[in-house]
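Counting convention: from 1, in listed order, for ligands and their atoms alike. In what follows, residues are counted from 1 in the order of the sequence shown.
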Amino acid sequence: MAEIFETVEKILVDIAAAQPTNAEELEQFRIKYIGTKNIIKPLSKEIRNIPNEQRKDFGQLLNKVKKSAEDKFQSLQSGMEAGAEDAAGDEIDLSAPPSSMPLGSRHPISITMNRIIDIFSRIGFVVEEEREIEDDWHNFTAMNTPEDHPARDMQDTYYLKDSTSMLLRTHTSSVQARVMTSQKPPIRIIAPGRVYRNETISARSHCQFHQVEGLYIDKNVSFADLKQTLFYFAQEMYGVDSKIRLRPSYFPFTEPSAEMDVSCFICDAKGCNVCKYTGWVEILGCGMVDPQVLENCGIDSKEYTGFAFGMGIERQAMMLYDINDIRLLFENDVRFLKQFQSAI
Ligand code: DAH
């Protein structure tokens, strides 16, 4: 009787060891151990020849064999199906058109800023990026803004907690001081970046915005150089027919100072709500670097002169893309941003 037990045990071992590697071999496995003429069936019939006291064990052993055959078949079959799917994936049709990649978009501020950088790069201006957390000296003192100047008022400037001297820069003019104290003339830089002012947020103004600063220092730099540089910028940015107009103004760090308007490119200077029916749009502040600023930063004002300008980005981006609320530029609503997918 021990023999028949051994035969069944051997089948159990065979099942565990079987390794069909393809569909054909799997089918053979199925026929042999599970099919209608499987090799376990005839052994079941032997049960009547088994002595009573061993029948139960024998029955359990047979059940174990059947179950292990079925389980093994199930797992082999699902393994092969998964493998077949992988194999199907390998058959790539190289001639098929690719599925399109989801496209992101540049932010309108970046687009506008990049255009400005590009225009000035073409005439030799180098980009300088500097810190947004500044000290009082670079933001104000070096730039000739005296202690009692209203721009220093807590209302306008964000000071760092518990600090009277560290602040969020209120303009990119602080980069002028950074560059002048660390480089020797000739200096020809533009400094794009974010600035902060404690202002009430509305459709027209925000507590954070962007500027591009320009600074050119060399021997014999004149106001005519400034004018021509800005005229070039206006034509590149707003079209060859653009005109500029300089109005006398005041900034602590320039003397003389001016504000520049560009002829309204939306209405061709005929008058519209963007230019408030004047035909002109204010773009930037500029002037000749005040000799005192050069001296503050260790540059000999008898040897060198320079011009500087600073322009806001938001206003220009809003004009270029017909955006009527500055807050849209800071909310990062994808419905808004998606509209710039085709812009570079
Ligand atoms: N810093 C000024 C502002 O934020 C803008 C400005 C005016 C920058 C004249 C300059 C300049 O470099 O020369 O309003």
As a test of understanding, state which of R131, E130, H138 forms a side-chain contact (heavy atoms from CB on, under 4.5 Å) with R169.
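Per the side-chain contact (heavy atoms from CB on, under 4.5 Å) rule, the option paired with R169 is E130, out of R131, E130, H138.
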Identify, chain by chain and in numerical order, each protein residue with a heavy atom under 4.0 Å from an atom of ligand 1.
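If the criterion is a heavy atom under 4.0 Å, then ligand 1 touches H171, S173, Q176, R197, Q211, E213, F251, F253, T254, G285, C286, G287, A308, F309, G310.
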Run through F209, Y196, F253 and flag the one making a ring pair (Phe, Tyr, Trp, His ring centres under 6.0 Å) with H171.
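Single pass found, and it is F253.
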Between F309 and F233, is the ring centroid distance below 6.0 Å?
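Ring centres of F233 and F309 not closer than 6.0 Å.
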With a 6.0 Å cut-off on the ring centroids, do F307 and F223 count as close?
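They do not qualify: ring centres at least 6.0 Å apart.
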Just to verify, what does Y238 make a ring-ring contact (aromatic ring centres under 6.0 Å, His included) with, not counting sequence neighbours?
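Result, ring-ring contact (aromatic ring centres under 6.0 Å, His included) vs Y238: F265.
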Are any side-chain N or O atoms of N38 and backbone N or O atoms of G35, one a donor and one an acceptor, separated by less than 3.5 Å?
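Yes: the side chain of N38 pairs with the backbone of G35.
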